[in-house]
Student: 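Here it is, the structure, as structure tokens.
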Amino acid sequence: MSIVSAVTSNGGTPTSGAVPSPASATVAIFGASGDLTARKLMPALFDLWNDGYLSDASPIVGVARREKSDESFRNEIYEAINGHVRSGAVTADQWAGFSRRLFYRQLDIASPDGYAGFREQLETLERQQGTGPNRVIYMATSPDLFLPAVEHLGFGGLIPGRDVPEWLRVVFEKPFGHDLASAQELSGNLRRLLREDQIYRIDHYLGKETVQNILLFRFGNSIFEPLLNRNQVDHVQITVAESQGLERGRGGYYDNSGAMRDVLQNHVLQLMCLIAMEPPAQFNARDLHDEKLKVLKALAPGNKGDISSWAISGQYSAGLVDGQAAVSYLSEERIPADSRTETYVAMKVLIDNWRWAGVPFYLRTGKRLPSRVSEIAIQFKQPPLNLFNTVECEGDVCELVGTRPNKLVFRIQPSESIKLSFSTKRPGMQYQVHPVTMDFNYKQAFSEALPEAYERLLLDVLRGDSTLFMRSDELEAAWQFVTPILEHWKSSDVGPEPYRAGSWGPRIADAMLINDGRAWRTPSM
Ligand code: BG6
């Protein structure tokens, strides 16, 4: 059953709703030889350009340490994006148009020496292309280069002052800090060189179409919002599950990071903020950040007991995922044999405010789980009286069941959808309960493909719209909550609980919900 057949799409900025003229600025990507540039940034820039959102005059400059000509950089990018852009293959005409704006700059990002030359190259390019001196620098580098690179941009005269019309915006990939102290230190140091409106801290989950739709669903409709509070909601489950283990070459980064820093501290907490926040006074960056911050400040442990009773870490052992043998985390490339890094986190948290007091939010993320699925499931309270029963059988086992609790499920990926489940009467001479769903499914409702998160976010940087980025105080509030948990795990005698690759995580994570009389959902695919 389809409850929504068409929704007006908002192709422009969240505030205007209008499609703007193509953005014109130089985009320089630091760390241009990396995987992110090839897999995400370049396909996104191509699609933006192909859809007319990026001006023909905008140069895209790949910056990295290796020596390379423009030509060989272009060839590499062609290999990387062909077959990975929205339309599939890149045609000869498209490539001729797009590759004209691709340039390469060899630069040791960590050393101040080449920055003056880099600035001259940008100025020459901008003169030739007839574009203005507005620039986006995308830091797709390792985080230890964030600060030196910005310092050198400053010394190289690449950071414009407050009173000039030209602008520079710097995008920082995660991880932004390793814990609360390092995030605060990095923010403090960057603030000496850049204003907050020049800093874009990316969390690609916020660029996902389905994630943006949470806000429109909640605040663009009047029927659901009155239900989202402690009077109606029994609990909320947020899952970001992945079936993959470590991608090639990521072992070094991941082992220093773990599931808490890699996904829970950012993607999962951001999803929680969007589903739990109050309506902003206006739909603009400041008001949205303010409301998300209030949620993070109200975050509290799910139990009064020890941290291990509400925050669980796990690490995958060998198993089968999708019928394929998967090695244990400890056997992955570049992972020390005695690593205690968690590849799974489950937490029970509360949001101590008027709306949500007493409603548990169960959060979980992990690698090598049975499937790749991200969703937010809101389970409502049972009706106060159970008037209807029915017999349900699974094989030979039958039981008398009442109505099932209503659920509202936001499927972020894959099979993007929103589903509301409720009970109906099975046709017949008796009152027999039958569970059904009303769903809105993106594929059925819209013919166009969903844009990639990076497309939307890159366009927002070009437009100067930081709504879908993280403000420093939000990020610090998130670190403030997770840092004591990370410290507890580090000092604990016991490491993460093992779970079999291809299972839904360690048993103690199940027990945490069973103790509350609840169970984790098994997301249906
Ligand atoms: C990234 C993490 O931020 O998000 C990865 O570093 C993870 O480890 C990825 O695989 C998941 O993103 P998505 O968009 O594939 O759900």
Side-chain angles (χ1 to χ4, degrees), residues 31 34-41 43-44 84 86 138-143 171-178 183 200-214 238-272 274 313-316 321-322 326 329 332-335 339 341-345 363-376 410-417 442 449-458 468-470 475 478-479 482 501 523 525:
D35 193 47
L36 183 75
T37 306
R39 276 194 316 118
K40 298 287 181 189
L41 302 180
H84 299 286
R86 212 158 348 117
Y138 199 112
M139 296 286 179
T141 63
S142 102
V171 186
F172 296 94
E173 261 300 326
K174 66 171 240 284
F176 196 92
H178 195 70
Y200 286 72
R201 298 172 195 83
I202 212 160
D203 180 324
H204 80 279
Y205 259 62
L206 295 177
K208 289 183 190 273
E209 193 63 36
T210 38
V211 173
Q212 294 168 51
N213 197 27
I214 295 170
I238 304 183
T239 301
V240 173
E242 296 183 83
S243 53
Q244 69 179 17
L246 289 192
E247 291 133 320
R248 254 196 120 66
R250 274 196 107 209
Y253 154 76
Y254 194 85
D255 201 55
N256 265 319
S257 183
M260 179 72 107
R261 293 184 174 93
D262 188 46
V263 172
L264 197 130
Q265 184 268 352
N266 36 77
H267 306 331
V268 177
L269 290 186
Q270 286 295 316
L271 292 179
M272 189 198 71
L274 294 180
S313 63
Q315 189 186 75
Y316 59 84
V321 183
D322 268 345
Y329 177 70
E332 298 273 14
E333 209 178 78
R334 296 174 66 191
I335 301 301
S339 168
T341 297
E342 80 286 353
T343 59
Y344 173 97
V345 182
L363 318 176
R364 65 176 162 170
T365 184
K367 293 212 183 269
R368 286 290 187 223
L369 300 183
S371 48
R372 175 177 182 252
V373 55
S374 297
E375 62 168 39
I376 302 175
F410 294 83
R411 173 60 70 83
I412 312 294
Q413 65 189 22
S415 313
E416 293 80 356
S417 64
Y442 277 78
L450 297 181
E452 277 290 320
Y454 278 94
E455 264 174 76
R456 171 60 192 245
L457 295 173
L458 279 163
L468 300 176
F469 292 78
M470 288 189 290
L475 197 100
W479 277 124
V482 305
M525 302 308 293

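In each ligand, atom 1 is the first atom listed, and ligand 1 is the first ligand listed. No experiment lies behind these values; they were computed from the predicted model shown.
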Student: I need the L475 CG to Q265 CD distance, nearest 0.5 Å.
Tutor: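 L475 atom CG to Q265 atom CD measures 5.5 Å (nearest 0.5 Å).
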
Student: What's the spacing between E247 CD and E332 CD if we round to 0.5 Å?
Tutor: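 The CD atom of E247 sits 10.5 Å away from the CD atom of E332.
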
Student: Looking at ligand 1, is there an atom of it that comes within less than 4.0 Å of some heavy atom belonging to Y254?
Tutor: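 Flag not set, Y254 not near ligand 1.
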
Student: Quick one: which ligand 1 atoms are inside 4.0 Å of a heavy atom on K367?
Tutor: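 Here the atoms of ligand 1 in question are 5 (C), 7 (C), 8 (O), 10 (O).
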
Student: State if Q244 counts as touching ligand 1 under the rule of any non-hydrogen atom under 4.0 Å.
Tutor: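 True for this residue.
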
Student: Do any nitrogen or oxygen atoms of S374 come within less than 3.5 Å of a nitrogen or oxygen of ligand 1?
Tutor: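 S374 vs ligand 1: no N/O contact under 3.5 Å.
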
Student: I need the single residue from F176, F469, Y138, F172 that forms a ring-ring contact (aromatic ring centres under 6.0 Å, His included) with Y200. Which is it?
Tutor: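 Exactly one pass, corresponding to F469.
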
Student: Closest by any non-hydrogen atom to atom 14 (O) of ligand 1: pick that one out of Q413, R250, H267, K208.
Tutor: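 Heavy atom nearest to atom 14 (O) of ligand 1 belongs to K208.
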
Student: May I ask you to say whether K208 pairs ionically with E416, meaning some side-chain N is under 4.0 Å from a carboxylate O?
Tutor: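 Not counted as a salt bridge, because no side-chain N and carboxylate O are separated by less than 4.0 Å.
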
Student: CD1/I376 to CZ/R411 distance, rounded to the nearest 0.5 angstrom?
Tutor: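 Going from CD1 on I376 over to CZ on R411, the span is 12.0 Å.
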
Student: Provide the number and element of each atom of ligand 1 under 4.0 Å from a heavy atom of D262.
Tutor: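 It comes down to these atoms of ligand 1: 2 (C), 5 (C), 6 (O), 8 (O).
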
Student: Going by the atom numbers of ligand 1, which of them fall below 4.0 Å from some non-hydrogen atom of K174?
Tutor: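 Matching atoms, with element in brackets: 1 (C), 2 (C), 3 (O), 6 (O).
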
Student: Side chains of P175 and Y253: does their closest heavy-atom pair fall under 4.5 Å?
Tutor: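 A side-chain contact exists here, since the closest heavy-atom pair is under 4.5 Å.
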
Student: Answer yes or no: is there an ion pair linking K40 with D35, defined by an N-O contact shorter than 4.0 Å?
Tutor: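 A salt bridge is absent here (no side-chain N lies under 4.0 Å from a carboxylate O).
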
Student: What atoms of ligand 1 come within less than 4.0 Å of a heavy atom belonging to E242?
Tutor: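 The atoms of ligand 1 under 4.0 Å from a heavy atom of E242 are 7 (C), 10 (O), 11 (C).
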
Student: Could you name the option among R372, H204, E247 that has the heavy atom nearest to atom 4 (O) of ligand 1?
Tutor: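 Selected option, by shortest heavy-atom distance: H204.
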
